[in-house]
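Let me begin by presenting the structure, written as structure tokens, before commenting on it.
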Amino acid sequence: MFGRISKTKSLRVTSIIFSSTLQLGDCSYIDGTSHAIAVQRRSEILYKRDDQFSDYKIFSQPSIFPVISEQLQMRVNNLCPFIETGNIIINAMSTSSIATIGNVGHIRMTSRIHHTRLLDSNLKHATNPALNRK
Amino acid sequence: MEFNVVNHQLCVDNIYINGVAASSLFLIGDVQTVQLSSAFDTPPESLIIQPLSLVPKA
């Protein structure tokens, strides 16, 4: 399928969380999906929140991908059979992200995030949250 | 469509990435197709200004 070999001097990743993947080597298909409800709340205590993905429209809407309809005949000529890199340093990987060293056939990644802010109306500048930052 | 690719030498020096997040992709290598879709929603009704008490309810 592919001819090129990836050569990496060193690879350092500090943390990988929430279904993220560090992949070394070839792979034929990658399909990654992440759904997140992010709640930013200006209070130390959270009593209860029963948020469901079904409460928000963004998670039920279909993904819009550019359709690959054209018949494509691809010819690859690898004059140099190597891809060379030096040191790779990644601090953090999160929420279904992928770092791959190697050849991949097809990749499809989806991300949905709903962001909510809860601010305190008792504070002085409640109407202008920008002035209210510590 | 005919698509001809000639790969000459590819050499990268050091790479430093702080974060890869939310279905993002970092790839060293070759790929045939890539499809990425991302949706971020923060509508006006998601900014809720209400009294937030710090004392737990009895």
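Hydrogens, waters and symmetry mates play no part in the numbers below; they use all other heavy atoms, side chains included. Here is how names work: the chains are called A, B, and so on, in the same order as the sequence lines, proteins then strands, and each is numbered from 1.
When the candidates B:T42, B:D41, B:N4, B:L27 are compared by the number of heavy-atom contacts under 4.5 Å with chain A, B:D41 comes out ahead. Looking only at heavy-atom pairs under 4.5 Å with chain B, the residue among A:L72, A:T21, A:T100 that has the most is A:T100. Among the candidates A:T116, A:I89, A:I17, the residue making the largest number of heavy-atom pairs closer than 4.5 Å to chain B is A:I89. With respect to chain A, the highest number of heavy-atom pairs below 4.5 Å among B:P43, B:A39, B:G29 belongs to B:A39. Interface remark: of the candidates B:I48, B:N18, B:N7, B:N7 forms the most heavy-atom pairs closer than 4.5 Å to chain A. Of the listed residues (A:I30, A:N91, A:T8), the greatest number of heavy-atom pairs within a distance under 4.5 Å of chain B belongs to A:N91.
Between B:T33 and A:I107, the closest side-chain pair of non-hydrogen atoms is not below 4.5 Å. With contacts defined as side-chain heavy-atom distances shorter than 4.5 Å, the pair A:R75/B:V5 does not qualify. Within the 4.5 Å cutoff, no side-chain heavy atoms of A:C80 are placed close to those of B:H8.
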Result block: side-chain N/O donor-acceptor pairs under 3.5 angstrom for residues 53-63 of chain A, not counting sequence neighbours:
{"unit_1": "A:D55", "atom_1": "OD2", "unit_2": "A:Q52", "atom_2": "N", "d": "3.1"}
{"unit_1": "A:Y56", "atom_1": "OH", "unit_2": "A:D51", "atom_2": "OD2", "d": "2.9"}
{"unit_1": "A:S60", "atom_1": "OG", "unit_2": "A:K57", "atom_2": "O", "d": "3.0"}
{"unit_1": "A:S63", "atom_1": "OG", "unit_2": "A:R112", "atom_2": "NH2", "d": "3.0"}

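With rounding to the nearest 0.5 angstrom, the CD1 atom of A:I64 is 13.0 Å from the CD atom of B:Q35. The distance from atom CD of A:Q73 to atom CD of B:E2, rounded to the nearest 0.5 Å, is 5.0 Å. Rounding to the nearest 0.5 angstrom, the gap separating the CE atom in A:M109 from the OG atom in B:S37 is 11.0 Å.
The hydrophobic cluster containing A:L22 also includes A:L11, A:V13, A:I16, A:L24, A:I83, A:I88, A:I90, A:M93, A:I101, B:L10, B:V12, B:I15, B:I17, B:V20, B:F26, B:I28, under a criterion of side-chain heavy atoms closer than 4.5 Å among ILVMFWY residues, counted directly or through chains of members.
Contact of A:Q71 with chain B is made through the backbone alone, with heavy-atom distances under 4.5 Å. Contacts between A:S10 and chain B at a heavy-atom distance below 4.5 Å are absent for every atom of the residue. For chain A, the nearby part of B:D13 is the backbone; its heavy atoms alone come within less than 4.5 Å. Looking at A:S20, neither its backbone nor its side chain comes within 4.5 Å of chain B, counting heavy atoms on both sides.
Looking at B:N14, its side chain does come within 3.5 Å of a backbone N or O of A:N87 through a donor-acceptor pair.
Under a hydrophobic clustering in which Ile, Leu, Val, Met, Phe, Trp and Tyr are joined whenever their side-chain heavy atoms come within less than 4.5 Å, directly or via other members, A:F65 and B:L36 fall into different clusters. A:V76 and B:F3 fall within a single hydrophobic cluster, where Ile, Leu, Val, Met, Phe, Trp and Tyr are joined by side-chain heavy atoms under 4.5 Å apart, directly or via other members.
Checked against B:S46 for a side-chain contact (heavy atoms from CB on, under 4.5 Å), the options A:Q40, A:H115, A:H114 give a single hit: A:H114.
Between B:M1 and A:E70, the shortest heavy-atom distance links the atoms CB-OE2, 3.4 Å.
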Item to complete: Show your reasoning for whether side chain to side chain contact (heavy atoms under 4.5 Å, CB included) applies to A:L79 and B:V6.
Response: CA-CA 7 Å; A:L79 296 182; B:V6 180; 3.6 Å; yes
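Between A:S96 and B:S23, the side chains place no donor N or O within less than 3.5 Å of an acceptor N or O (distance only, hydrogens not considered).
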